[in-house]
J.: 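Below is a structure I'd like to ask you about.
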Amino acid sequence: MKLTVAQLVSDALAALPDLAEAAAGIKAVDTLERTRDPSHGDFASNIAMRLAKPARKNPRELAAIIVAALPETDAIAKTDVAGPGFINFTLSPTAFHAEIETILDRGHEYGRRPHRNSPKILLEFVSANPTGPLHVGHGRHAAYGATVGNLLEAMGYPVSREYYVNDAGRQMDILGVSVWLRWLEAQGTAVPFPGAGYRGDYIRDIAANIDATGIAVSEADAVLDGVAADGGKDKPDDTAEVRAANKAARETYVGVLVDRAKALLGDDGFDRVRQQSLEAIRADIEDDLAEFGVVFDTWYSEQSLTKTGRIDDALAVLRDRHMLYERDGAEWFPATNFGDEKDRVVVRDNGVKTYFASDIAYHFDKRERGFDHLIDILGADHHGYVARVRGGLKAMGYDGDDLEVELVQFVTLYRGGEKMQMSTRSGEFDTLRQLRAEVGNDAARFYYVMRSNDQHLDFDLDVAKSQTKDNPVYYLQYAHARIQSMLRKAEEDGISVSLDNGLTQLGLLELAKEQALMRELSRYPEIIELAANNRAPQTLVHYLRDLASEFHSWYNDHRFLKDPDDLRDARLVLSVAVRNVIANGLGILGVSAPESM
RNA sequence: GCGCCCGUAGCUCAGCUGGAUAGAGUACUGCCCUCCGAAGGCAGGGGUCAGAGGUUCGAAUCCUCUCGGGCGCGCCA
């Protein structure tokens, strides 16, 4: 609808060669916006104000000239020049009727753009370390990422969703040793459990189900050979110094246990334990997310970067381009040249590649796989990485703008007005599974994206669970269910409904609320585009809320099943259009649109 | 100390990349079911858009500084 008006404006400009120079670089569509005040019509263009300076003319005069040049069309009822030089367009009823017809014809496709082949987008999100179940913070990443993916697909972009599995490095060793120790414990060999190990109950579950073929039971003495057994025990954390010292001691202790595990099991044996452990957790995460309606196209293994030589490839590219240098026995990337605070090591003096090297290689690989635009959805605490990873891509010859990073702020849970403690240790309430079980998938998906991603999120469990108008997700679902119920009622009462007839009678919808509803419905494609371009699902949430509110207001005033046939059919068409748009919007949010509640 | 994000109604937040008189929800007050969903609707009060400058036809929005809050600054992952 907006494009229709934009076309008229650009046609008018094309007919005015005097303005061609001043108008160069201005797209008509960018000058148009929906009016806030209905007395200003449906769309307003500020083009005359923007042209005033380069054309050296009074904006109101210019506006009048442009209006005079507009082509004839039955889509526009009238145009006005208003205020400092706005051109206000009032669309004709037929334009809105045509849009309603489109909403019914296209059904689930309404608001979606045709598929295009580029740019190919790689959307990476969640990517939580596979060392335990997802917690409520990851839930926000999952809901946000999935919704952004849906929005981009609605815009026609090819989107691939990817989860980067951090399955390499020390954390995996600690996971492996944690499971091994729990397994030994189950076999009767108790060893003081490391404070820096993973202590959750799920570790015991994994240990109980592990295939330990060929893995010998070790005696406690052997495990602790040369190890200060109390090194990992918790000590009173009285001061920051003591805590720091204890932390160091715990890290040392668990590190020594890892070495003992490798010595006793052999590298292969330890690797089997480790791989089984991480696969168990990764599979659990995949199930959890699938239940949440969040599905990935690829699970990309960090280990595979090493196995396939991708890290060496990436470093070789950098070396060829003279983007690495040696200092103090290590190999560095000059990140400061790309806006980072300091240069970063990629290969340590002991020959081990850093995590940053993996990150560069991973993003290099994304581009090498043919993706044009990379979107990383990261926790707000990761913002420090952005400059250096982008720098890495630039250093390899890619455009740094091809990497887009969306940061997601933290989530705080509230119950009974009280902020909840969410530490793993307290065990109070922290996993995504628990949250989903308590408030349901629909409310969780909805609440997670209700606020801007760069805003801290207060998640109120009581409101999310409530089944009243306090709860926005029920409010929306209710509007959908109410319309479905109305349609069922019409059928039960033997009312012969004809939507085809209704479509020819839309001229009967003369009430201000009906016209406001039609106007609101016609905004949907613009809302999808806006939400997609800004990676801002909350825009869609607020729109749907407004739409549902306008519907409730209208329907409360006019229960229409017993209206004369033509009027009734027209109103049913309008109701069905509302239902379609709500269903489509909820679909993008990953929230169900119920037949009844 | 340096960097990133944030500051809008009592509370939780929108505000369409600069538009016309700053909006919702919630809370509070009072109304509306003999009826196709009251899980709904209607009406009311509530603001120095943290503060100060600047850019221009026009600023909550862009720039600078100040104040306040969050997060990050390893040859960890």
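Convention: sequence-line order gives letters A, B, ...; per-chain numbering from 1. On a predicted model such as this, the values are computed, not experimentally measured, just so you know.
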J.: Starting from C1' on B/rG58, measure out to NE2 on A/His40 and report it in whole angstrom.
T.: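 Checked: the NE2 to C1' distance equals 14 Å.
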J.: Between B/rU61 and B/rA14, how far is it from one C1' atom to the other, in whole Å?
T.: 13 Å
J.: Output yes when at least one side-chain N/O atom of A/Tyr414 is less than 4.0 Å from OP1 or OP2 of B/rU12, else no.
T.: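 For B/rU12, neither OP1 nor OP2 has a side-chain N or O of A/Tyr414 closer than 4.0 Å.
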J.: Identify all pairs in which a protein N or O lies below 3.5 Å from an N or O of nucleotides 8-11 of chain B, and state each distance.
T.:
none

J.: Look at all strands and tell whether A/Tyr555 reaches a base, only sugar-phosphate, or nothing, counting heavy atoms closer than 4.0 Å.
T.: base
J.: Mind checking if A/Asp493 touches a base, just sugar-phosphate, or nothing, with heavy atoms under 4.0 Å?
T.: nothing
J.: Scan nucleotides 75-77 of chain B against the protein and return all N/O pairs shorter than 3.5 Å with their distances rounded to 0.1 Å.
T.:
residue: B/rC75; atom: O2; partner: A/Asp349; partner atom: N; Å: 3.0
residue: B/rC75; atom: O2; partner: A/Asp349; partner atom: OD1; Å: 3.1
residue: B/rC75; atom: N4; partner: A/Asp328; partner atom: O; Å: 3.4
residue: B/rC76; atom: OP2; partner: A/Arg348; partner atom: NE; Å: 3.1
residue: B/rC76; atom: OP2; partner: A/Arg348; partner atom: NH1; Å: 2.3
residue: B/rA77; atom: OP1; partner: A/Arg348; partner atom: NH2; Å: 2.9
residue: B/rA77; atom: O3'; partner: A/Ala168; partner atom: O; Å: 2.9
residue: B/rA77; atom: N6; partner: A/Tyr385; partner atom: OH; Å: 3.0
residue: B/rA77; atom: N1; partner: A/Tyr385; partner atom: OH; Å: 2.3

J.: Which nucleotide, if any, forms a Watson-Crick or G-U wobble pair with B/rG68, using both distances under 3.5 Å?
T.: B/rC6
J.: Between B/rU12 and B/rG46, how far is it from one C1' atom to the other, in whole Å?
T.: 16 Å
J.: Taking pairing as Watson-Crick or G-U wobble with both contacts under 3.5 Å, can you name the mate of B/rC76, or confirm there isn't one?
T.: none
J.: Under a 3.5 Å cut-off for both contacts, is B/rC49 paired Watson-Crick or G-U wobble with anything, and if yes, with which nucleotide?
T.: none
J.: B/rC16 phosphate, OP1 or OP2: any side-chain N/O from A/Arg523 under 4.0 angstrom?
T.: no
J.: Is the centre of the A/Tyr478 ring less than 6.0 Å from the centre of the A/Tyr474 ring?
T.: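 When the ring centroids of A/Tyr478 and A/Tyr474 are compared, they turn out to be at least 6.0 Å apart.
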J.: Please work out if A/Ser553 contacts a base, only the sugar-phosphate, or nothing of the nucleic acid, heavy-atom cut-off 4.0 Å.
T.: sugar-phosphate
J.: What do the steps show when you test A/Leu32 against A/Glu526 for side chain to side chain contact (heavy atoms under 4.5 Å, CB included), and what is the final call?
T.: CA-CA 12 Å; A/Leu32 283 169; A/Glu526 294 155 37; over 6 Å; no
J.: Tell me the interatomic distance from A/Arg390, atom CZ, to B/rC4, atom C1', rounded to whole angstroms.
T.: 12 Å
J.: Would you say whether A/Phe86 stacks on B/rA20? The test is a distance between ring centres of less than 5.5 Å and an angle between planes of less than 30°.
T.: yes
J.: Taking syn as within 90° of 0 and anti otherwise, name the glycosidic form of B/rU61.
T.: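 Anti conformation for B/rU61.
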J.: Heavy-atom count check: over 12 atoms from other residues, nucleotides or ligands less than 6.0 Å from A/Glu491 CD?
T.: no
J.: Nearest-nucleotide wise, let me know which of A/Met49 and A/His542 is further upstream toward the 5' end of RNA chain B.
T.: A/His542
J.: Which part of the nucleic acid, if any, lies within reach of A/Ser358 when heavy atoms closer than 4.0 Å are counted: base, sugar-phosphate only, or nothing?
T.: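 Contact class for A/Ser358: none.
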J.: With a 3.5 Å cut-off and just heavy-atom distances, do the side chain of A/His383 and the base of B/rC5 make a donor-acceptor pair?
T.: no
J.: Let me know the distance between CZ of A/Arg60 and C1' of B/rG19, rounded to the nearest Å.
T.: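 Taking atom C1' of B/rG19 as the reference, CZ of A/Arg60 is at 15 Å.
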J.: For A/Arg310 and A/Tyr362, indicate whether the former's side chain and the latter's backbone hold a donor-acceptor pair under 3.5 Å.
T.: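 No.
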J.: So, the side chain of A/Arg568 versus the backbone of A/Gly502: is there a donor-acceptor pair under 3.5 Å, distance only?
T.: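 The answer is no, because no donor-acceptor pair under 3.5 Å joins these two groups.
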J.: Have a look at B/rC33 and give me syn or anti from its glycosidic angle (syn if within 90° of zero).
T.: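 Chi for B/rC33 falls in the syn range.
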J.: Judged by atom type as modelled, is there a donor-acceptor pair below 3.5 Å linking the side chain of A/Asp343 to the main-chain atoms of A/Thr336?
T.: yes
J.: Can you check the A/His456 NE2 to B/rA14 P distance for me, whole Å?
T.: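 Interatomic distance, NE2 of A/His456 to P of B/rA14: 12 Å.
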J.: For atom P, what is the distance between B/rA60 and B/rG54, given to the nearest Å?
T.: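 It works out to 15 Å between them.
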J.: Under 3.5 Å for both donor-acceptor distances, Watson-Crick or wobble: does B/rG23 have a partner, and if so which one?
T.: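 The answer is B/rC13, by the H-bond criterion.
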J.: Rounded off to whole Å, could you give me the CD1-to-C1' distance for the A/Ile26 and B/rG18 pair?
T.: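 Between C1' of B/rG18 and CD1 of A/Ile26: 14 Å.
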J.: Tell me the interatomic distance from A/Asp460, atom CG, to B/rA27, atom P, rounded to whole angstroms.
T.: 12 Å
J.: Would you say the side-chain atoms of A/Tyr448 pair up with the backbone N or O of A/Val136, donor to acceptor, closer than 3.5 Å?
T.: yes
J.: For A/Phe333, does its backbone N or O pair with a side-chain atom of A/Arg344 as donor and acceptor, under 3.5 Å?
T.: no
J.: Pick out which of A/Arg388, A/Arg390, A/Lys394 makes a salt bridge (charged side-chain N to carboxylate O under 4.0 Å, His left out) with A/Asp340.
T.: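 Answer after filtering A/Arg388, A/Arg390, A/Lys394: A/Arg388.
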J.: State whether the side chain of A/Ser553 and the backbone N or O of A/Ser549 hold a donor-acceptor pair below 3.5 Å, judged by distance alone.
T.: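 Such a contact is absent between A/Ser553 side chain and A/Ser549 backbone.
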J.: In Å, rounded to the nearest 0.5 Å, how long is the span from CG of A/Leu318 to CG of A/Leu324?
T.: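 Reported value, rounded in 0.5 Å steps: 5.0 Å.
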J.: Need the pair for B/rC62. Rule: Watson-Crick or G-U wobble, both distances under 3.5 Å, any strand; none if unpaired.
T.: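 Base-paired to B/rG54.
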J.: What contact category does A/Asn88 fall into here, base, sugar-phosphate, or nothing, at under 4.0 angstrom with non-hydrogen atoms?
T.: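 Result for A/Asn88 = base.
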J.: Do A/Asn46 side-chain and B/rG19 base share a donor-acceptor contact under 3.5 Å?
T.: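 Answer is yes: a donor-acceptor pair is held.
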J.: Between B/rC71 and B/rC75, how far apart are the two C1' atoms, rounded to whole Å?
T.: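 Nearest-Å result for B/rC71 against B/rC75 at atom C1': 24 Å.
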J.: Base, sugar-phosphate or nothing for A/Gln538? Non-hydrogen atoms, less than 4.0 Å.
T.: sugar-phosphate
J.: Below the 4.0 Å mark, does B/rA24 have OP1 or OP2 next to a side-chain nitrogen or oxygen of A/Tyr475?
T.: no
J.: What is the nucleic acid contact for A/His552, judged by heavy atoms within less than 4.0 Å: base, sugar-phosphate only, or nothing?
T.: sugar-phosphate
J.: Using whole Å, what does the distance between atom P of nucleotide B/rC13 and atom CD of A/Gln409 come to?
T.: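 Those two atoms, CD and P, are 12 Å apart.
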J.: With a 4.0 Å cutoff (strictly under), does any side-chain N or O of A/Arg36 reach OP1 or OP2 of B/rG15?
T.: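 The answer is no; no side-chain N or O of A/Arg36 sits under 4.0 Å from OP1 or OP2.
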J.: What nucleic acid atoms does A/His480 come within less than 4.0 Å of, heavy atoms only: base, sugar-phosphate, or nothing?
T.: nothing
J.: For A/Ser596 and A/Thr35, take the nucleotide of RNA chain B holding the closest heavy atom to each; which residue's nucleotide lies nearer the 5' end?
T.: A/Thr35
J.: Rounded to whole Å, how long is the line connecting atom NZ of A/Lys2 with atom C1' of B/rC16?
T.: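 Distance, rounded to whole Å: 8 Å.
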J.: So, the side chain of A/Arg545 versus the backbone of A/Tyr475: is there a donor-acceptor pair under 3.5 Å, distance only?
T.: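 Here the side-chain-to-backbone pair does not exist.
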J.: Hey, does A/Ala44 reach any base, or is it just sugar-phosphate, or nothing, if we go heavy atoms under 4.0 Å?
T.: base
J.: Do A/Lys489 and A/Glu492 meet the salt-bridge criterion of a basic N to acidic O distance under 4.0 Å?
T.: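 Answer for the salt bridge query: no.
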J.: Under 4.0 Å, heavy atoms only, any strand: does A/Asp37 hit a base, just the sugar-phosphate, or nothing?
T.: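 Base, at least one base atom sits under 4.0 Å.
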